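Values reported hereafter were calculated over all heavy atoms of this structure, with side chains retained and with hydrogens, waters and symmetry mates removed. As the structure is a prediction and not an experimental result, all values here were calculated from the model.
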Amino acid sequence: MTVRVAPPLSSPWPGTRRMDLNDYSTRRRRNARSIISTFTSTSTSTVTMRQPRSILLQMSTASTEKDDDEPSKGSSSSINGSVSEGGLSWEAILYLCLLAFQFGFQPSLVQTFTPRTICKSSYVLMQEVLKTCMAASILFGSVSLKERKEALQGWTLWQSCLVAGVPAGLYCIQNVAALTAYQNLAPLTFNVLNQTKTLSAALCTYLVMRKKQSKPQMVSLVLLLMAALVMEGLITTSSLTTLFSFHGLSSLWTSASNLVLGGAGAGAGGVALSRHVTHGVLPVLLASFLSGLAGALSQRNLQVGSKRSKRPKRNVYLFNMELSVASILVLVTSLLWSPDGTRILKQGLFDGWTLGTWIPICTNAAGGIVVGLVTKHAGSVRKGFALIFGIFLSGLVQAASAGSTVSPHQLAGGLLAATSLYLHTKYPYQPKPKSTTNNE
């Protein structure tokens, strides 16, 4: 029996080969998979493009805020959960309360445990040394290893000088200006003009960080200044009822002008008036502005760093160490030609000290660290609220030690300070939403 083998299929076109059945089915499966994948990607992109425009804007805003190191102008979002222009976190409330208590009890501790004959430069020097040791012990003893490595990563001496040297220099000039004002102003005048630090802090945070204040927050800052004036006795409780009348405003203006000008006339007291302004009023206003500027620079270093120089935000304990070391260097340099330096060389660093002298030094050093924590978690503007509440607590402590009751102007000042803090926290600045055109 003969078996015939069929010849291979030939292509109808010369030079080509007819496709095998297996090759044909394989190519069909590949084409089907390609069509399915193309359809899936097309439908996904179509669904994405059909999302509402508001959701797409929110997604783009979130990605921009995540990649950007500095907050946008007038932004009310929190920075790493540490500070918010609106409500206060529990950490911010805790540090504000600690600062208020320290500021309120510090005058009584200084008057009780610090002798009047002590060398003031040695007092300030040991305070800065102790604050450096406290910050170092917290950074290297209590902070986690990961956070400590992040804080010390990329640290350089030049960067430290830029971060801490400028605020330390500003604080040094502020101390000199404040001392000059102390010597040429009445205590009441100095305390009243010194309360403009909160307004300076608000102005400087806008100039340095572009943080705006809402209208209720501006009103709260004015109320905070009024609270300080009421506590100092410049505005009495009886004049509060007629304050916003024409007579009340004119009398307040007269009292303020007499307070600032020192009551000097334009005749024989012209020279005294000129010295009162140039050596008293202007230095205290300069000290107030420098305090706000140094606070704004510290807030920027602690919260956002510097995007232009690619410098990350600073660890608060490392920043306290850098600031204290810079202050120590400035103070030691000033001792080379000051009378305190000669006294220390002759009589020693601890001349006139007692064991109790270390109590206000320890509390003030701890207060310096708390100031850094308040600046990081609440901002330099709200630090002024803690200081005003500290004045209120100081009045309560003074009344309790004298066995007297709290005066009405102290209660009125405390209520004004509480109202101003509520307004500043409740009504933060909200940036206006940008108008978008709907192209759908």
Would you confirm whether Ser298, through its side chain, and Ala294, through its main-chain N or O, come within 3.5 Å as a donor-acceptor pair? yes
I'd like to check Leu285 versus Val281 (side-chain heavy atoms, cut-off strictly below 4.5 Å). Are they in contact? yes
Run the ring-ring contact (aromatic ring centres under 6.0 Å, His included) test against Phe385 and tell me which residues pass, sequence neighbours left out. His424
Could you list the residues that satisfy ring-ring contact (aromatic ring centres under 6.0 Å, His included) with Tyr95, not counting sequence neighbours? His377
State whether the number of non-hydrogen atoms from other residues, nucleotides or ligands found under 6.0 Å of Leu336 atom CG is greater than 12. yes
So, for Ala326 and Ala164, which heavy atoms are closest and what is the spacing to 0.1 Å? CB-O, 4.2 Å
Pairs where residues 113-132 contributes a residue and the test salt bridge (charged side-chain N to carboxylate O under 4.0 Å, His left out) is met, not counting sequence neighbours: Glu128-Lys131
Exercise: identify the closest heavy-atom pair between Ile369 and Ala135: CD1-N, 3.8 Å
For the residue pair Gln299 / Ser380, report whether a side-chain donor-acceptor contact shorter than 3.5 Å exists. yes
Quick one: do Thr357 and Thr354 satisfy side chain to side chain donor-acceptor pair (under 3.5 Å)? Show the steps, please. CA-CA 5 Å; Thr357 307; Thr354 62; 3.0 Å; yes
Contacts of Phe350 that satisfy ring-ring contact (aromatic ring centres under 6.0 Å, His included) - sequence neighbours left out: Trp353
Among pairs that include at least one residue of residues 108-144, which meet ring pair (Phe, Tyr, Trp, His ring centres under 6.0 Å), considering only residues two or more places apart or in two chains? none
Below 4.5 Å, heavy atoms only, C-beta onward: do Leu170 and Leu297 meet side chain to side chain? yes
Tell me every residue that passes side chain to side chain donor-acceptor pair (under 3.5 Å) with Thr132, counting only those two or more places apart in sequence or in another chain. none
What side chain to side chain donor-acceptor pair (under 3.5 Å) pairs are there with at least one residue in residues 281-296, not counting sequence neighbours? Thr196-Ser288, Ser200-Ser288
Among all residues two or more places apart in sequence or in another chain, which pass the ring-ring contact (aromatic ring centres under 6.0 Å, His included) test with Trp155? none
Hey, does the side chain of Ser220 reach the backbone of Leu423 with a donor-acceptor pair shorter than 3.5 angstrom? no
Shortest non-hydrogen contact between Ala202 and Leu221, atoms and distance: CB-CD1, 3.7 Å
When you compare the side chains of Thr363 and Gln106, does any donor N or O come within less than 3.5 Å of an acceptor on the partner? yes
Only pairs at least two apart or in different chains count here, so list each salt bridge (charged side-chain N to carboxylate O under 4.0 Å, His left out) that has a residue in residues 332-358. Arg343-Asp351
Any salt bridge (charged side-chain N to carboxylate O under 4.0 Å, His left out) involving residues 145-162? Give me the pairs, sequence neighbours left out, ordered by first then second residue. none
Close side-chain approach of Gln111 to Ser108, heavy-atom, < 4.5 Å: no
Within the distance-only criterion (no hydrogens, no angle test), does the side chain of Lys376 pair as donor or acceptor with the backbone N or O of Leu302 below 3.5 angstrom? yes
Less than 4.5 Å apart, any side-chain heavy atom of Cys204 and any of Phe289? yes
Can you name the residues that form a side chain to side chain contact (heavy atoms under 4.5 Å, CB included) with Pro107, not counting sequence neighbours? Ser394
Residues Cys119, Ile344; criterion side chain to side chain contact (heavy atoms under 4.5 Å, CB included); working and verdict: CA-CA 8 Å; Cys119 181; Ile344 290 175; 4.0 Å; yes
Is any side-chain heavy atom of Leu393 closer than 4.5 Å to a side-chain heavy atom of Phe103? no
With sequence neighbours left out, which residue pairs that include part of residues 95-111 fulfil the salt bridge (charged side-chain N to carboxylate O under 4.0 Å, His left out) condition? none
Decide yes or no for Arg314 and Glu322: does some side-chain heavy atom of the first lie under 4.5 Å from some side-chain heavy atom of the second? yes
